[in-house]
Engineer: 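Here it is, the structure in full.
Reckoned from all heavy atoms, side chains included, excluding hydrogens, waters and symmetry mates. By convention here, the first residue in the shown sequence is residue 1.
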Amino acid sequence: MKSLSDLLSAIMVEEIIGSENKEITSLECDSRKIKLGSLFVAVRGYNVDGHKFIPLVTLAGAAAIVCEELPERLESNVTYIRVANSAIALGYLASQWWGNPSRKLKLVGVTGTNGKTTTATLIYEMARLMGYKAGLLSTVCNYIDDEAVPTNQTTPDPLTLNELLHRMVVAGCTYAAMEVSSHAAHQHRIAGLHFTGGVFSNLTRDHMDYHKTVEAYLAAKKSFFDNLPKDSFALTNLDDKNGQVMLQNTMARKYTYSLRQHADFMGRVIESRLDGTLMSFNGSEVEVLFTGRFNAYNLTAVFGASTLLGWNTDDILVAMSRLVPVAGRFQTFRSPSGITAIVDYAHTPDAVVNVLTAIRDVVGNKGAILTVVGAGGNRDKGKRPIMAKEAASRSERLILTSDNPRDEDPLDILKDMEAGLDDEARTRTLSIADRREAIRTAVALAHPGDVVLIAGKGHEDYQEIKGVKHHFDDREVVREVLNQQH
């Protein structure tokens, strides 16, 4: 139970009709969860407008309603609170409801197109290696110290988010890392959170089905940095053309990292292999269990964030040598016959380029690269031909297949991808809609010393087809297929 007046002290109110002297039993943004005494926040969502449900929640016993537009009929026993933006208000109310947990943690947010999951996860792992209890909010899984809490979206809604942060505080966590998706920033899901720091990885084409333009996508990412408080840090990738853009309007202390130029935190790749890399960070050499320049960027960001969190440099370097790759991110498997398979979440053109470049840097001309890749249904169609083109130009053989077709016909998605191939590339390409068969075919075509890249799904253990999730795990399939090789 919380008093309504205490909750409302956290938000900017434009008008109140009714009494503030009420005890609130629950805070909800889902009309189906309303009970007697609830405070309902009517949010204008991407698909549904919560204002439509105001008559229903009053019947269900809501004691108060936060909205942007007052309903035509006002009930005498309900308090109506009008605000400029309900989504922003929900974030601050959720923080207040759960005791402002983000202020009791050193919370670091990571945003960007690629690298969010790896960077956020490794910051969480670093805190634990330093001897602290820590929490993680990520695409793969949420963690309250060592307790796994399954997730189905990159950044949860404000109520779930603050409840998880509260549970971290109760569990004794002092640090937390979280992915900040462009959707979450645009929908104000992170409103009301206090960040100790923000990290920007990179920005390339993604989520055009939602944002419509690259400019809108950039603006969503940038809004995270625009809202960082002055006592936090903003760490950006100096080698990305949008890196400095992120810092333009932030009040936070500004820092940069780079692999190519002078920056506050400089990473260098000295020697690379498929199972690891010799790197240096600000001049100190460390052997890490990661491969590829994209991972070198992630690790340099982690080194910078760890330093800005105040940890000892020597301890940071030792801990970085102990970090292990995130599930489904450049995860390597080998067959008895010497074929290497790599499962990676790469699902954008830039991510596919990064992974294939990392493989080529190690393999050189000593082995062939066979790439298995698809594209998700009901998502940005414009990237499909680009992904196929980039994959074909960096592989000896290409197999196009299904990803999560969702409500689309897999064959239509394959045709969209095939449109990006020229005549020469088509001679080296197969289209196999059955993903299991595509993986099996790629391994069958490979010879000892070759590398098979299976891109797009990474850690996911399902395929979504016509609204139904079927169990499917690239890692399970590739293990099974490789073990059949002799």
Side-chain angles (χ1 to χ4, degrees), residues 112-118 139 201-209 214 217 239-240 272 274 290-298 325-326 328-333 340-363 367-377 379-405 410 413-422 424-426 428-432 435 438-439 442 446 450-460 474-475 478:
T113 305
N114 302 310
K116 291 191 301 295
T117 301
T118 294
T139 303
S201 59
N202 50 63
L203 191 134
T204 58
R205 181 190 177 108
D206 200 14
H207 302 303
M208 290 303 103
D209 54 302
V214 174
Y217 179 48
D239 296 343
D240 186 280
S272 190
L274 283 178
F290 296 78
T291 300
R293 290 184 68 80
F294 65 100
N295 267 325
Y297 275 107
N298 295 336
V326 177
R329 268 55 173 188
F330 211 90
Q331 198 165 345
T332 305
F333 305 85
T340 300
I342 295 169
V343 172
D344 193 87
Y345 190 52
H347 61 283
T348 65
D350 185 65
V352 169
V353 169
N354 286 340
V355 175
L356 286 170
T357 300
I359 295 170
R360 182 63 69 195
D361 286 346
V362 176
V363 174
I369 300 175
L370 300 88
T371 299
V372 178
V373 67
R379 297 293 187 268
D380 177 14
K381 293 185 179 184
K383 72 180 182 182
R384 294 173 184 174
I386 303 171
M387 284 177 66
K389 178 183 177 182
E390 297 290 11
S393 68
R394 290 167 174 80
S395 312
E396 275 71 28
R397 295 297 300 266
L398 174 64
I399 299 179
L400 300 177
T401 190
S402 287
D403 191 289
N404 288 319
I413 298 173
L414 290 176
K415 285 177 184 175
D416 287 343
M417 298 191 80
E418 290 165 0
L421 303 175
D422 60 23
E424 189 279 329
R426 287 173 188 270
R428 300 181 285 107
T429 301
L430 295 172
S431 290
I432 302 174
R435 192 172 179 92
I439 294 170
D450 290 349
V451 177
V452 176
L453 170 65
I454 302 150
K457 291 178 61 60
H459 65 282
E460 293 179 350
D474 285 350
R475 296 163 297 178
V478 80

Engineer: Does any part of the side chain of Arg435, heavy atoms only, come nearer than 4.5 Å to the side chain of Asp474, both counted from C-beta?
Structural biologist: yes
Engineer: Please report the closest heavy-atom contact between Ala368 and Asp450, naming both atoms and the distance.
Structural biologist: N-OD1, 2.8 Å
Engineer: Keeping Asp344 on the side-chain end and Leu453 on the backbone end, is there a donor-acceptor pair under 3.5 Å?
Structural biologist: no
Engineer: Is the shortest side-chain heavy-atom distance between Arg394 and Val352 below 4.5 Å?
Structural biologist: no
Engineer: Start with the C-alpha gap between Thr340 and Ile359, add the side-chain angles, then the distance that decides, and say whether side-chain contact (heavy atoms from CB on, under 4.5 Å) holds.
Structural biologist: CA-CA 11 Å; Thr340 300; Ile359 295 170; over 6 Å; no
Engineer: Starting at CD1 of Ile439, measure out to CD1 of Ile399 and round the result to the nearest 0.5 Å.
Structural biologist: 9.5 Å
Engineer: Applying side-chain hydrogen bond (donor to acceptor under 3.5 Å, both in side chains), can you list everything that pairs with Glu460, at least two apart in sequence or on another chain?
Structural biologist: Asn404, Lys457
Engineer: Is the backbone N or O of Glu390 less than 3.5 Å from a side-chain atom of Ser393, with the two atoms forming a donor-acceptor pair by type?
Structural biologist: yes
Engineer: Could you please spell out the steps behind the side chain to side chain donor-acceptor pair (under 3.5 Å) verdict for Asn202 and Tyr297?
Structural biologist: CA-CA 9 Å; Asn202 50 63; Tyr297 275 107; over 6 Å; no
Engineer: Could you work out, with side-chain hydrogen bond (donor to acceptor under 3.5 Å, both in side chains) as the rule, every residue matching Asp403, not counting sequence neighbours?
Structural biologist: none
Engineer: Counting distance only, does the side-chain N/O of Arg426 pair as donor-acceptor with the main-chain N or O of Glu418 below 3.5 Å?
Structural biologist: yes
Engineer: If you look at every heavy atom in Leu274 and Thr291, which pair is closest and at what distance?
Structural biologist: O-OG1, 3.0 Å
Engineer: Determine whether Val362 and Val451 make a side-chain contact, defined as any pair of heavy atoms from C-beta on separated by less than 4.5 Å.
Structural biologist: no
Engineer: How long is the span from the CG atom in Leu430 to the CZ atom in Arg397, to the nearest 0.5 Å?
Structural biologist: 5.0 Å
Engineer: NE2 of His347 to CE of Met387: how many Å apart, nearest 0.5 Å?
Structural biologist: 8.0 Å
Engineer: Can you tell me how far the CD1 atom of Ile454 sits from the CD atom of Gln331, to the nearest 0.5 Å?
Structural biologist: 10.5 Å
Engineer: What distance do Lys383 atom NZ and Met417 atom CE have between them, rounded to the nearest 0.5 Å?
Structural biologist: 9.5 Å
Engineer: Does Thr401 use its side chain to pair, donor to acceptor, with the backbone of Ile432 at less than 3.5 Å?
Structural biologist: yes
Engineer: Apply side-chain contact (heavy atoms from CB on, under 4.5 Å) to Thr139 and Tyr345, showing your working.
Structural biologist: CA-CA 11 Å; Thr139 303; Tyr345 190 52; 4.2 Å; yes
Engineer: One pair to check against side chain to side chain donor-acceptor pair (under 3.5 Å): Thr357 and Arg293. What are the steps and the verdict?
Structural biologist: CA-CA 8 Å; Thr357 300; Arg293 290 184 68 80; over 6 Å; no
Engineer: What is the minimum heavy-atom distance between Pro325 and Phe290, and which atoms define it?
Structural biologist: CA-CE2, 3.4 Å
Engineer: Within the structure provided, determine whether Arg360 and Ile369 are in side-chain contact (heavy-atom separation under 4.5 Å).
Structural biologist: yes
Engineer: Indicate the atoms forming the closest heavy-atom contact of Gly115 with Asn298, along with that distance.
Structural biologist: CA-OD1, 3.6 Å
Engineer: Mind checking whether Ser272 and Asp361 have side chains closer than 4.5 Å, heavy atoms only?
Structural biologist: no
Engineer: Run the side chain to side chain donor-acceptor pair (under 3.5 Å) check on Asp350 and Asn114 step by step: do they pass?
Structural biologist: CA-CA 8 Å; Asp350 185 65; Asn114 302 310; 3.2 Å; yes
Engineer: Ignoring hydrogens and angles, tell me if any N or O in the side chain of Arg428 forms a donor-acceptor pair with the backbone of Ser395 under 3.5 Å.
Structural biologist: yes
Engineer: Would you say the side-chain atoms of Arg475 pair up with the backbone N or O of Val343, donor to acceptor, closer than 3.5 Å?
Structural biologist: no
Engineer: Could you report the tightest heavy-atom contact between Leu398 and Ala388, atom names first, then the distance?
Structural biologist: CD2-O, 3.7 Å
Engineer: Report the distance from atom CG of Leu356 to atom OG1 of Thr371, rounding to the nearest 0.5 Å.
Structural biologist: 4.0 Å
Engineer: Please find the pair of heavy atoms, one from Arg384 and one from Asp416, that lie closest to each other, and give the distance.
Structural biologist: NH1-OD2, 2.8 Å
